Trainee: 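Got a structure here, written out as structure tokens. Questions coming.
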There are 2 protein chains.
Amino acid sequence: MTTRTDAPTRREQILKEAARLFAERGFHGVGVDEIGAAVGISGPGLYRHFAGKDAMLAELLVGISGRLLTGAKRRLAEAGGVAGPEAVLDSLIEGHIDFALDDRPLITLHDRELDRLRDSDRKLVRQLQRQYVELWVEVVRQVHPDLAEPAARSAVHSVFGLLNSTPHLGRRGFLPGRGATAELLHRMARGAFASASSPVAG
Amino acid sequence: MTTRTDAPTRREQILKEAARLFAERGFHGVGVDEIGAAVGISGPGLYRHFAGKDAMLAELLVGISGRLLTGAKRRLAEAGGVAGPEAVLDSLIEGHIDFALDDRPLITLHDRELDRLRDSDRKLVRQLQRQYVELWVEVVRQVHPDLAEPAARSAVHSVFGLLNSTPHLGRRGFLPGRGATAELLHRMARGAFASASSPVAG
DNA sequence: CCTCCAGGTTAACGAGCGCTAACCATCCTG
DNA sequence: CAGGATGGTTAGCGCTCGTTAACCTGGAGG
């Protein structure tokens, strides 16, 4: 566990606020002055920490994709040997839900602002995303062997859509607690995969 | 059925291209010159058809929400009397899938650029969206009576996320045909709702 | 104590944007 | 055939935005 207790550095403050603002109003809808104001400095002071506005977005998106993939690999390694594929899939779902619930702005950015990146960064992010998807596809096909590969890939993308719906839930603050929401999402994801494979049983 | 065979008007061309461009690069990422070029006229010629760039986005978003709600009401009225709630839910899912598969750019805009609207337009769109959600919630709770209302609402939002994942599917052109995809999404949506209500049966 | 650097500041530049103004062609109508 | 909509055009204004330049300050090191 790499839990941090020390204060966040200025760079991290900026990234966090930039993520929130980008998620709220879109990359082009946020000015550098606003980002600066959000961390108590103003405008061009950001350039002491980042090469430009694009660099902030790039670092955010690469960071997201990397963390998702790293976490998934770790979970696969931890649960893969001892437990069956069902437990691995549950662990993957749990990890993705944790991310979707704890870092909603990043989830929003994840599939929204990818096209604003420089070619090299975008290729890197897409490669990480693709690896993440493929890892899921393999596990899903172990749990549901009757699922063909294209269908499995579609199913994985759709379940991502389901899990990533968290930004739309709390609009009115009406969601029933983090634990209950996580459990609900988990059950729905498993149910969606199950119904994707077998032509339903009821 | 109100199938049109006549040629689309200039206004409709503009709206269609604007939707595609907005979905691809974001509202602020597209210039009026690009929208004009996409329909063969250039730049300020758009102002003969729309009051401004904002007006195009507004008309798109209001149109989307309105069509979704109208279609859902119609399906509820058609299938509501003769068939059971299960058939109504299937019809709602079918309608939403048709929309998600046939109008992907609009699906993308739907939950991405809402905040760029004037206050009045945004309130209108949100009201239509809310009605649409509530309609779904009622039907879902008829099919799954053991589902509490907050959970049902969360489940509906999550299934929207699942169905609206279509823009992410065809990136590499690897999706297995429209019919198969629609059927897969339909089964997954039903499975997700079922697993949302009962704490799973397997 | 002088120096230097990290991390700020404000001023200003240049590009791009939405939008308006002014003008022009085509066509339908009286 | 006059004439006014209709739907284009190009030029250009004004504003915003990302970025750079130039300058300032507090604290650490020799």
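Small disclaimer: the values here were computed from a predicted structure and weren't measured. First the proteins, then the strands, lettered A, B, ... as listed; each starts at 1.
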Trainee: I want to check one thing: is the phosphate of D/dG8, taken as OP1 and OP2, less than 4.0 Å away from some side-chain N or O of B/Arg10?
Mentor: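 Checking D/dG8 against B/Arg10, a side-chain N or O does come within under 4.0 Å of OP1 or OP2.
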Trainee: Any non-hydrogen side-chain atom of B/Pro167 less than 4.5 Å from a side-chain atom of B/Ile107?
Mentor: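 In contact.
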Trainee: To the nearest angstrom, how far is B/Arg116 atom CZ from C/dC17 atom P?
Mentor: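 Nearest whole value for this atom pair: 17 Å.
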Trainee: Could you check whether any side-chain heavy atom of B/Asp54 comes within less than 4.5 Å of a side-chain heavy atom of B/Phe27, counting everything from C-beta outward?
Mentor: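 B/Asp54 reaches B/Phe27 side chain to side chain.
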Trainee: Round to a whole Å and report the spacing from CZ of B/Phe22 to P of C/dC17.
Mentor: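 So the CZ-P distance, B/Phe22 to C/dC17, works out to 13 Å.
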Trainee: If we only count heavy atoms from C-beta on, is the B/Thr9 to B/Glu12 side-chain gap below 4.5 Å?
Mentor: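 Answer yes - side chains close enough.
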Trainee: For the pair made of CZ in B/Phe50 and C1' in C/dG18, what is the distance, rounded to whole Å?
Mentor: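 Whole-Å distance recorded here is 16 Å.
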Trainee: Taking CG from B/Leu46 and P from D/dT9, how many angstroms apart are they, rounded to a whole number?
Mentor: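 So the CG-P distance, B/Leu46 to D/dT9, works out to 9 Å.
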Trainee: From CG of A/Leu57 over to P of D/dG18, roughly how many Å is that when rounded to an integer?
Mentor: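 Atom-to-atom, A/Leu57 to D/dG18, this comes out as 12 Å.
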Trainee: Contact class for B/Gly31 (heavy atom, under 4.0 Å): base, sugar-phosphate, or nothing?
Mentor: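 If one applies the 4.0 Å heavy-atom cut-off, B/Gly31 turns out to touch the sugar-phosphate alone, with no base involved.
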Trainee: Report yes if the side chains of B/Arg178 and B/Asp102 come closer than 4.5 Å at any heavy-atom pair, otherwise no.
Mentor: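 A side-chain contact exists here, since the closest heavy-atom pair is under 4.5 Å.
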Trainee: Please tell me which of the listed nucleotides, D/dT9, C/dC19, C/dT9, lies nearest to the side chain of B/Asp54?
Mentor: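 Output: C/dC19.
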Trainee: Provide, to the nearest angstrom, the distance between the OH atom belonging to A/Tyr47 and the P atom belonging to D/dA22.
Mentor: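 From A/Tyr47 OH to D/dA22 P: 17 Å.
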Trainee: Can you tell me how far P of C/dA25 sits from CZ of B/Arg48, to the nearest Å?
Mentor: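 Atom CZ in B/Arg48 sits about 15 Å away from atom P in C/dA25.
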Trainee: Answer with base, sugar-phosphate or nothing: what part of the nucleic acid does A/Gly52 contact at a heavy-atom distance below 4.0 Å?
Mentor: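 Counting heavy atoms under 4.0 Å across all strands, the contact made by A/Gly52 is with sugar-phosphate only.
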Trainee: DNA chain C: A/His49 or A/Pro44, which has the more 5' nearest nucleotide?
Mentor: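 Its nucleotide being nearer the 5' end, the pick is A/His49.
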Trainee: Expressed in angstrom and rounded to an integer, what is the separation of B/Arg11 atom CZ from D/dT6 atom P?
Mentor: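 Roughly 14 Å, once rounded to whole Å.
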Trainee: Using a cut-off of 6.0 Å, state whether more than 12 heavy atoms not belonging to A/Arg74 lie near its atom CZ.
Mentor: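 Above 12, so yes.
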Trainee: Looking for any heavy atom pair under 4.0 Å, which part of the strands does B/His28 touch: base, sugar-phosphate only, or nothing?
Mentor: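 No contact at all - B/His28 keeps every heavy atom at 4.0 Å or more from the nucleic acid.
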Trainee: Using a cut-off of 4.0 Å on non-hydrogen atoms, how would the nucleic acid contact of B/Val39 be classed: base, sugar-phosphate, or nothing?
Mentor: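 If one applies the 4.0 Å heavy-atom cut-off, B/Val39 turns out to touch nothing in the nucleic acid.
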Trainee: For A/Asp33 and for B/Gly45, find the nucleotide of DNA chain D with the closest heavy atom, then tell me which residue's nucleotide is more 5'.
Mentor: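 Counting from the 5' end, the first nearest nucleotide belongs to B/Gly45.
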